[in-house]
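Worksheet: one structure, shown below.
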Protein chains: 2
Amino acid sequence: MEHRPRATLRDVAAMAGVSIKTASRVVNGEDGVRPLKTEAVLRAVRQLDYRPNLSASTLRRNGGRTAAIGMVLEDLANPFSGALLRAVEDEANRRQVLIIAGSADERQDRERTLVRAFSERRVDGLIIAPVGEDQSHLRAETEAGTPLVFVDREPQGLLADCVLSGNESGAADAIHHLAAVGHRRIAYLGDLRAIPTARERFAGFQRASLELTLPWTPAHHIHDLHTAAAADDATVRLLRSADPPTALFTSQNLVTLGAITALQRLGLQSTIALVGFDDIPTADLLRPAVTVIAQDPPRMGRVAADLLFTRLDGFIGPPRRTVLPTTTIPRGSGELPPPLSPS
Amino acid sequence: MEHRPRATLRDVAAMAGVSIKTASRVVNGEDGVRPLKTEAVLRAVRQLDYRPNLSASTLRRNGGRTAAIGMVLEDLANPFSGALLRAVEDEANRRQVLIIAGSADERQDRERTLVRAFSERRVDGLIIAPVGEDQSHLRAETEAGTPLVFVDREPQGLLADCVLSGNESGAADAIHHLAAVGHRRIAYLGDLRAIPTARERFAGFQRASLELTLPWTPAHHIHDLHTAAAADDATVRLLRSADPPTALFTSQNLVTLGAITALQRLGLQSTIALVGFDDIPTADLLRPAVTVIAQDPPRMGRVAADLLFTRLDGFIGPPRRTVLPTTTIPRGSGELPPPLSPS
DNA sequence: GCTCGTTTTGACAACCTTGTCAGGCAGTCT
DNA sequence: AGACTGCCTGACAAGGTTGTCAAAACGAGC
């Protein structure tokens, strides 16, 4: 179980009978080394299973790149973050860049800690789904020349490249979609108002309600649902209330699931219409199948990677802002008509 | 848009009017520095927003840790990998360790490339869901003293700590479960046989079939389904054949989804029984709800992290092997009786 | 064999830190 | 006063690598 320390360039050079520098040249594929010595060095590399120490290398190389980027996401276990991570990985992979990722869990302190840790490791760039009100602490990174890209949520207090989904317009689409079938009493069930995307989706709901002159019923606006269980409860309360809605707009994945659970329990899944924001994997298999406003996380990841890598390739210019369109996918639940259509 | 290079300890020391070493002492919280100088250094640190260069630090520190571990997973976008990653992250977080992760996509060359990249960055440890037949190339890592933990799949050609699910027994449970309801013609729908877990699950299916003296019908054993679409097709073919099964055992997530899609299209979802390996998020909401053999990915991640970190804490001992039990969750689809119970 | 130009080679410093160790400085004890 | 103690401090080397530059080796041409 005893292990020898890793071979260094010095060991390789010694075994090959050349100077360290020559060994370095061979390892880095520089030319101007006689074939005989090249051979000897390569033999030694194989024999010792030499692995260059990238830390030492970047340390010495002038302003060396670490070939690693950091990603701060909401939660690596959730499918949205996973898809983003994966899409960025594919892009990074092409450039031999690795990804260090962490979950912020909606906590500002986690975001800061992660960014600091990445920064101490001198990552070449950062992709961040920001938490909270203020990203100005990241100014230090940009000033040090580390490019920064925000995903999913717009940064506050700092200008930088970002990619967003059309949350506001997607939510408005959902309401228009329901209204087109005849609904006028549409409830909003949403995530924590601390989350910018949740606020934007509510704003879209509001705008559409106004455009359509739907009745304004604050009791039908339920916020701060962060788990499926909470959404389930809220849905039950809503539908048992004196003035129940005829349709639901659920502004997030887990909320949608909670609402469906409640509807099924109450036996109302084919009575109350539902449109959810964010696709769910088995939406097609449910009865009725679930109508959603879909985002495109892989595309968001690709765009983010693109924004970052163009900066790393030297692009200098003002911050760029990309808004990705959402797609309405009618599957059934959003096309259920209201009980009696008052023409 | 011009940026100044990052401040180094030299800059801090200069600004504080002390030697580099003294600045280092303050930054590292060593004692034996007069309060007056400590103050001055801290002021300089704040003013310059100094970030220690962890690479340089680990390089110098005796056998320094990088406080990073590498994870090679199947696909960062799939929920199983995501859950593993997240569970390990939580454990790592407690120790201020970061995670560098990559997807191998069932490709041996990707696995090797990732491990090499991790190794050049001198990660403190590796957690790997291995691909293919041979992990002996990883011997170099263990010999260099980098602890290695395998997850989900047993390593080949190398002894090391590992955590597995009880694939064989879980699959056998599924068959016993179906047989208990009266099924004797149970089809197997499985993933690529190149994947060890798929083989184990088939082995469990075989063992249970033997124990129960079920009829041996090779036409009911369908392998190498790696996508939902493939599973869908296979299910349709199976059920339209001359001798259709009365129940299906689907050995993986996507296969389960494909089979359900097919059953629904054929209108057989309440006729043909189904047990799937691996839980699916909305299993509860489907009609019938889906009976599954559930794994526990977060627990697997926790155990893997544990195995790794005890090694990093100095534990020396023979490789440990943990097999996590699976749980049968009856929800409906697995309790459908066969059309006519012979007996 | 000698000179010259070119190619190969290696010594050394540097990247940013930290471990080692000796020197400086106060205050104490004979 | 002189020797000694203990605490602070900084010079220097080292960790593994690469940039710089001068020295060495080579080949060609006379």
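Not measured: the values here are computed from a predicted model. Proteins get letters first, then strands, A, B, ... in listed order; numbering begins at 1 in each.
- Look at A/Arg34 and A/Glu39 and you find no salt bridge, because none of the NZ, NE, NH1 or NH2 atoms lies under 4.0 Å from a carboxylate O.
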Can you give me the N/O atom pairs linking the protein to nucleotides 11-18 of chain D at distances under 3.5 Å, or say none if there are none?
residue	atom	partner	partner atom	Å
D/dA14	N3	B/Arg60	NE	2.5
D/dG15	N2	B/Ala56	O	3.3
D/dG16	N2	A/Ala56	O	3.3
D/dT17	OP1	A/Tyr50	OH	2.4
D/dT17	OP1	A/Asn53	N	3.1
D/dT17	OP2	A/Leu9	N	2.5
D/dT18	OP1	A/Asn28	OD1	3.2
D/dT18	OP1	A/Asn28	ND2	3.0
D/dT18	OP1	A/Arg61	NH2	3.3
D/dT18	OP2	A/Ser24	OG	2.6
D/dT18	O2	A/Arg60	NE	2.8
D/dT18	O2	A/Arg60	NH2	3.2

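- Between the side chains of A/Ser81 and A/Asp75, no donor-acceptor pair is found at a separation under 3.5 Å.
- Atom pair A/Lys37:NZ and D/dC26:C1' shows a separation of 12 Å (rounding to whole Å applied).
- Atom pair A/Glu120:CD and C/dT17:P shows a separation of 10 Å (rounding to whole Å applied).
- A/Thr22 has a side-chain polar atom (N or O) that falls below the 4.0 Å cut-off from OP1 or OP2 of C/dG10.
- Taking each heavy atom of A/Pro130 and A/Val151 in turn, the nearest pair found is CD-O, 3.8 Å.
- The closest donor-acceptor contact from the side chain of A/Arg122 to the backbone of A/Ser119 lies under 3.5 Å.
- Under the 3.5 Å distance criterion, with hydrogens and angles disregarded, a donor-acceptor pair is assigned to the side chains of A/Asn93 and B/Arg110.
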